[in-house]
There are 2 protein chains.
Amino acid sequence: MPRTTTRTTLAKRITSRGRRLTKQRVIVAQALAAERQAISAQELHQRLHHGHPRLGLATIYRALEAQVEAGMATRLERQGHVSAYVACVSEHHHHLVCTSCQRVEDVDETILRPVLRGIRDRHDFQVDHERLDFYGLCARCRREKAAL
Amino acid sequence: MPRTTTRTTLAKRITSRGRRLTKQRVIVAQALAAERQAISAQELHQRLHHGHPRLGLATIYRALEAQVEAGMATRLERQGHVSAYVACVSEHHHHLVCTSCQRVEDVDETILRPVLRGIRDRHDFQVDHERLDFYGLCARCRREKAAL
DNA sequence: AGGCTATTGAGAGTCGTTCTCGTAATGGGG
DNA sequence: CCCCATTACGAGAACGACTCTCAATAGCCT
């Protein structure tokens, strides 16, 4: 029963750190996980409004924030002062954002290790956390553009 | 006459792309260049208010934006939905932000080259531009903390 | 089941940023 | 050097994303 397993995992993640398992949080978590691109709280609100008309915007903000705290998602700043959220598939949180289709991929962490070492050695700087977002064209969009 | 040279360079940068050379833009550009750390528009406004009481906040926003367009500065997003601006010393725009003293250093660009190559090769992704901000403790603050 | 407490929904409030508009200043052309 | 179209400024209003408030509701533990 893979579905049950999935739900259990989701529930466990949501309820970590003493949080309660509410319908709203499950809805938001599932919607974000289903999304394969970065999405803002407002977009999520609009998208969920059909099936869940009473789901409030503030609740979505709170649910997304809870997911970030639980390590289930990351927030990335988009141009225009709007934050967007992405569900995390893995532990590391660096992204390739396609400027054409808005899809987001995770960056292979091992690529970054030499950079962190270089910063420590060359700049004498101790990195606690970093935000690395790369913007450009993913393979699919590049092929589509080339086909035109 | 190094001062004159400096002023001329500044004026040239400001007037690039058909912009006009106004007192306000010079004031803001000099203030930002003098600043060795990231600073928000509002902070700049407060700081300049003594010497220039009539300098409006909107003007500072516009001047900073013009500097970003002219390549004289970059905007980086700070936590809490406030943007901060840093004058650019060099061409590349990646930063080491000290979370203790808020000072900003530029990252040596050569460190990043392998990462861009890795992304192109491993992820089949064409990077157009990227935002790399590293947060942590600079050498000075680390020594100060160790001395306690 | 029952109660303690976290969470929700709705809207008001906050705050950074941008827009508006009347006024002032800039810089190119006579 | 002065005119004048055009750009920029200042002040405050407007905007928009996000957060807070508070009464009502719903999880979770025993």
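Letters go in sequence order (proteins before strands), and every chain restarts at 1.
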Practice prompt. Find which nucleotide of DNA chain C each of Gly18(A) and Tyr85(B) is nearest to by heavy atoms, and output the residue with the more 5' nucleotide.
Written response: Gly18(A)

Discussion item. Measuring to OP1 and OP2 of dA26(D), would you say a side-chain N or O of Gln24(A) lies under 4.0 angstrom away?
Written reply: no

Item to complete: May I ask you to verify if any side-chain N or O of Ser83(B) is less than 4.0 angstrom from the OP1 or OP2 atom of dT17(C)?
Response: yes

Fill in: Inter-axis angle, terminal five-pair segments of the helix from dA1(C)-dT30(D) to dG30(C)-dC1(D) [nearest 10°]
40°

Discussion item. Please check this pair: side chain of Arg19(A) against backbone of Ser16(A), looking for a donor-acceptor N/O pair closer than 3.5 Å.
Written reply: yes

Worksheet item: Within the side chain of Arg25(A), is there an N or O that forms a donor-acceptor pair under 3.5 Å with the backbone of Arg20(A)?
Response: yes

Discussion item. Using a strict heavy-atom distance below 4.0 Å, which residues from residues 52-62 of chain A are in contact with DNA chain D?
Written reply: Ala58(A), Tyr61(A), Arg62(A)

Worksheet item: Taking only residues two or more places apart in sequence, or in another chain, which ones meet Leu116(A) in a side chain to side chain contact (heavy atoms under 4.5 Å, CB included)?
Response: Val127(A), Glu130(A), Phe134(B)

Worksheet entry | Whole angstrom value for the distance that separates P of dC15(C) from CD of Gln46(B) | 13 Å

Item to complete: Could you tell me the separation between the CD atom of Glu65(B) and the P atom of dC9(D), rounded to a whole number of Å?
Response: 13 Å

Would you be so kind as to tabulate the donor-acceptor pairs closer than 3.5 Å made by side chains of residues 50-62 of chain A, with sequence neighbours excluded?
| residue | atom | partner | partner atom | Å |
| --- | --- | --- | --- | --- |
| Tyr61(A) | OH | Gln42(A) | NE2 | 3.4 |

Practice prompt. Answer yes if the side chains of Glu43(A) and Tyr85(A) hold a donor-acceptor pair under 3.5 Å, and no otherwise.
Written response: no

Worksheet entry | Spacing of Glu43(A) atom CD relative to dC18(D) atom C1', expressed in whole Å | 15 Å

Enumerate all atom pairs, one protein N or O and one N or O from nucleotides 25-30 of chain C, separated by less than 3.5 Å.
| residue | atom | partner | partner atom | Å |
| --- | --- | --- | --- | --- |
| dT26(C) | O2 | Arg20(B) | NE | 3.4 |
| dT26(C) | O2 | Arg20(B) | NH1 | 2.7 |
| dT26(C) | O2 | Arg20(B) | NH2 | 3.1 |
| dG27(C) | OP1 | Leu21(B) | N | 3.0 |

Discussion item. Please list all pairs meeting side chain to side chain donor-acceptor pair (under 3.5 Å) that have one or both residues in residues 115-124 of chain A, counting only residues at least two apart or in different chains.
Written reply: Arg122(A)-Asp108(B), Arg122(A)-Thr110(B), Asp124(A)-Arg142(B)

Worksheet item: Quick one: is Gln42(A) getting a side-chain N or O under 4.0 Å of the dG16(D) phosphate, OP1 or OP2?
Response: no

Response to the item:
Ranking dA17(D), dG16(C), dA6(C) by distance to the side chain of Val82(A), first place goes to dA17(D)

